[in-house]
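Notes for the one structure printed next.
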Amino acid sequence: MFKNIKQLFIKSKNYIIDHRQTIFLSIPFLLMDWIIRILGYKISFFPVYYPVPNIFTIVWIILFVGIITSLKGIWGKLLYWILFIIYFILFLTHAIYYEMTSFYFSFSLLKLTDEGSTYIWDTIINTNPLIYILALVIFIIAVIVFRKMPKIEKFNLKRIGITIAVFLIAHTLTPFLLGSANSELEWNTFNNPRNTYNNFSDFNKSMKVAGFYEYSVRNLYISLLKSDEPISEDDKQFLEECYSTENKTSENDHTGLFKDKNLIILQLEGMDDWLLTKKDTPNLYNLLNHSINFTKHYSMYTGGGSTFNSEFAVNTGFTTPLSYIENVYSFNTNTFDYTLAKLFKNEGYSVNAFHMNSADFYSRGVNYKSWGYDNYFGLIDIKKYSDESYKLDRELILNETFYDHMFKQEGKFVNYIITYSPHTPFTTEKGVGKMLAEEKYGEREILDLTEEECARLAVGETDYMVGLLLQALKDNGLYENTVIVAFADHYLYTLEDKTILDKYKKTNNNLINHTPFFIWINDIEPEDINEVTMQTNILPTILNLFGIDYNSNDYICDDALSDDYEGFVFFPDGSWYDGNVYVENNKITNKKSMNKKELKAMNKKINRIIKKNDLTLKYDYFKTMH
């Protein structure tokens, strides 16, 4: 046995000696890949040591080195320098851009060179010196390797052929090591590495999953060379008809009511209607009863990530496609010219988002940037917690960095705050439930609380955060001048015991999606709005209240406070509800009536809106056709 091991060692040693020049040639290329990916250590996705990105890198280096060492005379050395210089420039570009933005560079940014050209020099001179030190080390190693390159006496066509064949086979097989892509919408698709590789829309995750060289080539192809899916004449004509006219919504009694006020948007995780009570959530209950209350609001549930779908809908005015499979967080490369952030920034507002989770979860970092936000702040990105207290919503206000960004900024602001605490699992054995139970009842053996009791504890934590928020507004002189728009991202479908929902909601159809939505400012006259609304109504409604001009055709739903507003909600299975009839498969299924002509017209209207939504996203309308 020891003899065999010794022989294997000797063979390996001899192989390394025989191929030392090839190995030396690989060193600067390997270093560039490893350093670039190490720079993104904060991206909690695919660590540097995972196999696939390293395999991709090795496969590309085999191609580079195999061809370089097969070319006669000066040609091999020339190719070495061409490849090295190209990737060295890309290495510096990625490193500097990541240092500046926390995102890796994408070739799609070349289309925006005019917008950023004035900042290039300042960025270069203010970059962390460590990056230049590492770059210098790599360059010196490259020079040393070059000087030691042997002179190739003979052009080796056979070796080039074998190298290309090995590359093609290995490159084709490597993505399969990432597993299978999702064939249906799932909330955690963003964490599926194969989906990340296939879509290649999240720059940070794509670099981490593919490595420097695969990323560079694939990103170049997708960003600049890949042809967009051709649009049919019918689809093109349909979209042109949808967007052909500028439809300014007429003014109403609410237009400009909150002109130049500050805005806080509270997206409430799992805040189901039966949980917003005087006992469980007194602060929210008080706000609700002194607000514009949309009594028939429905948060459209989607298995592709209901929390982020609500964020997407409120920020862009569109929602998860119904006619094809695509998660909304993969549309971060789409152009959205009329987002909440961009329109408020045009009015002189600063616009920031705040949440517990990291920027890479749901690809929020890149999505919020594409929507026009100044910053997306994640608690776990800015502070290292020794426990799970970051899951408590109070931390959104108690964290000093968050507090300063929310309440100490100059000028008008929009703060988009996403809560977390009412999140599964609802148990006292771990997580939020355990922390809150111990806080309320003291540290003892595991309390025997029901899942419903744990859920009520969790929403109480969110309500505690709302109390802290209101106090912070008072302490900073913002209470009289700040509007709060509050809504739930989805009903509490995460409960394991579904009989709990049976006690409080209609659960036999999609009307189970009924959730709170209200708009509050101090001293407002309470008002109930009884028309049906959904997440895509929130943006145009806010714009009208703040007196911001917009074209209602640029969204799929209207201002819910408009005098001629006729409300409805539609769901992923195509069913819809207008406050009177609930329709599935074009047929009324509740004990209400509508004449055939009206039913046909409404079915046509809903289908048209869904088609507008889906095709706008599919063909990136605001970039390619607008």
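Worth saying up front: this structure is predicted, and the values here are computed from it rather than measured.
Between Phe570 and Phe568, the ring planes lie parallel to each other; the angle is under 30°, not in the 30° to 60° tilted range.
Proximity of a side-chain donor or acceptor of Asp489 to a complementary backbone N or O of Gly270 within less than 3.5 Å is detected. Between the side chain of Asn367 and the backbone N or O of Tyr329, at least one donor-acceptor pair lies under 3.5 Å. Proximity of a side-chain donor or acceptor of Asp381 to a complementary backbone N or O of Ala359 within less than 3.5 Å is detected.
Under 3.5 Å, the side chains of Gln535 and Thr319 contain no donor-acceptor pair of N or O atoms. Asn510 and Tyr298 form no side-chain donor-acceptor contact under 3.5 Å, judged by distance and modelled atom types alone. A donor atom on one side chain and an acceptor atom on the other are not found under 3.5 Å apart for Glu525 and His290. For the 3.5 Å distance criterion, the side chains of Tyr338 and Asn553 fail to qualify, holding no donor opposite an acceptor. Side-chain contact of Asp558 with Ser552: a donor-acceptor pair under 3.5 Å is absent, judged by distance alone. Side-chain N/O atoms of Thr339 and Asn315 include no donor and acceptor closer than 3.5 Å. Checked by atom type, the side-chain pair Ser330/Asn327 shows no donor-acceptor distance below 3.5 Å. Using modelled atom types and a 3.5 Å distance limit, the side chains of Ser562 and Asp564 yield a donor-acceptor pair. No side-chain donor from either of Tyr491 and Ser299 sits under 3.5 Å from a side-chain acceptor of the other. Side-chain atoms of Glu311 and Tyr368 form a donor-acceptor pair, as typed in the model, at a separation below 3.5 Å. Looking at Asp573 and Ser575, their side chains do bring a donor and an acceptor atom within 3.5 Å of each other. At a cut-off of 3.5 Å, with distance as the only test, a side-chain donor of Lys408 or Asn476 sits close to an acceptor on the other residue. Residues Asn252 and Asp559 bring a donor and an acceptor atom of their side chains to less than 3.5 Å of each other. Side-chain atoms of Tyr243 and Thr616 include a donor-acceptor pair closer than 3.5 Å. Under the 3.5 Å distance criterion, with hydrogens and angles disregarded, a donor-acceptor pair is assigned to the side chains of Asn375 and Asn352.
Two rings, from Phe361 and Tyr376, have their centers 6.0 Å or more apart. The aromatic ring centres of Trp520 and Phe487 sit 6.0 Å or more apart. Aromatic ring centroids of Phe318 and Phe331 lie 6.0 Å or more apart. A centroid separation of less than 6.0 Å is found between the aromatic rings of Phe377 and Phe354. If you look at Phe336 and Phe312, their ring centroids are closer than 6.0 Å.
Of the options Leu275, Val459, Ile512, Asp273, a side-chain contact (heavy atoms from CB on, under 4.5 Å) to Leu492 is made by Leu275 and by none of the others. With Ile542 as reference, Ile538 is the one residue of Ile538, Asn544, Leu545 to meet the side-chain contact (heavy atoms from CB on, under 4.5 Å) rule.
What you find for Asn586 and Leu599 is that their closest heavy atoms are O-CD2, 3.7 Å.
The residues Lys505 and Asp272 are annotated as salt-bridged, a charged nitrogen and a carboxylate oxygen being separated by less than 4.0 angstrom.
For residues 584-612, no residue pair satisfies the salt bridge (charged side-chain N to carboxylate O under 4.0 Å, His left out) rule, not counting sequence neighbours.
At a threshold of 4.5 Å between non-hydrogen side-chain atoms, the residues Ile609 and Trp576 do not count as touching.
Dense packing is recorded around CD of Glu527, with more than 12 heavy atoms of other residues, nucleotides or ligands lying under 6.0 Å away.
Figure legend: Arg364 and Tyr373 shown without cation-pi pairing, the cationic atom not lying both under 6.0 angstrom from the six-membered ring centre and within 45 degrees of its axis.
For Asn289, there are no side-chain hydrogen bond (donor to acceptor under 3.5 Å, both in side chains) partners at least two apart in sequence or on another chain. In terms of the salt bridge (Lys or Arg N to Asp or Glu O under 4.0 Å) criterion, residue partners of Lys412 (sequence neighbours excluded) are, by chain and number, Asp260.
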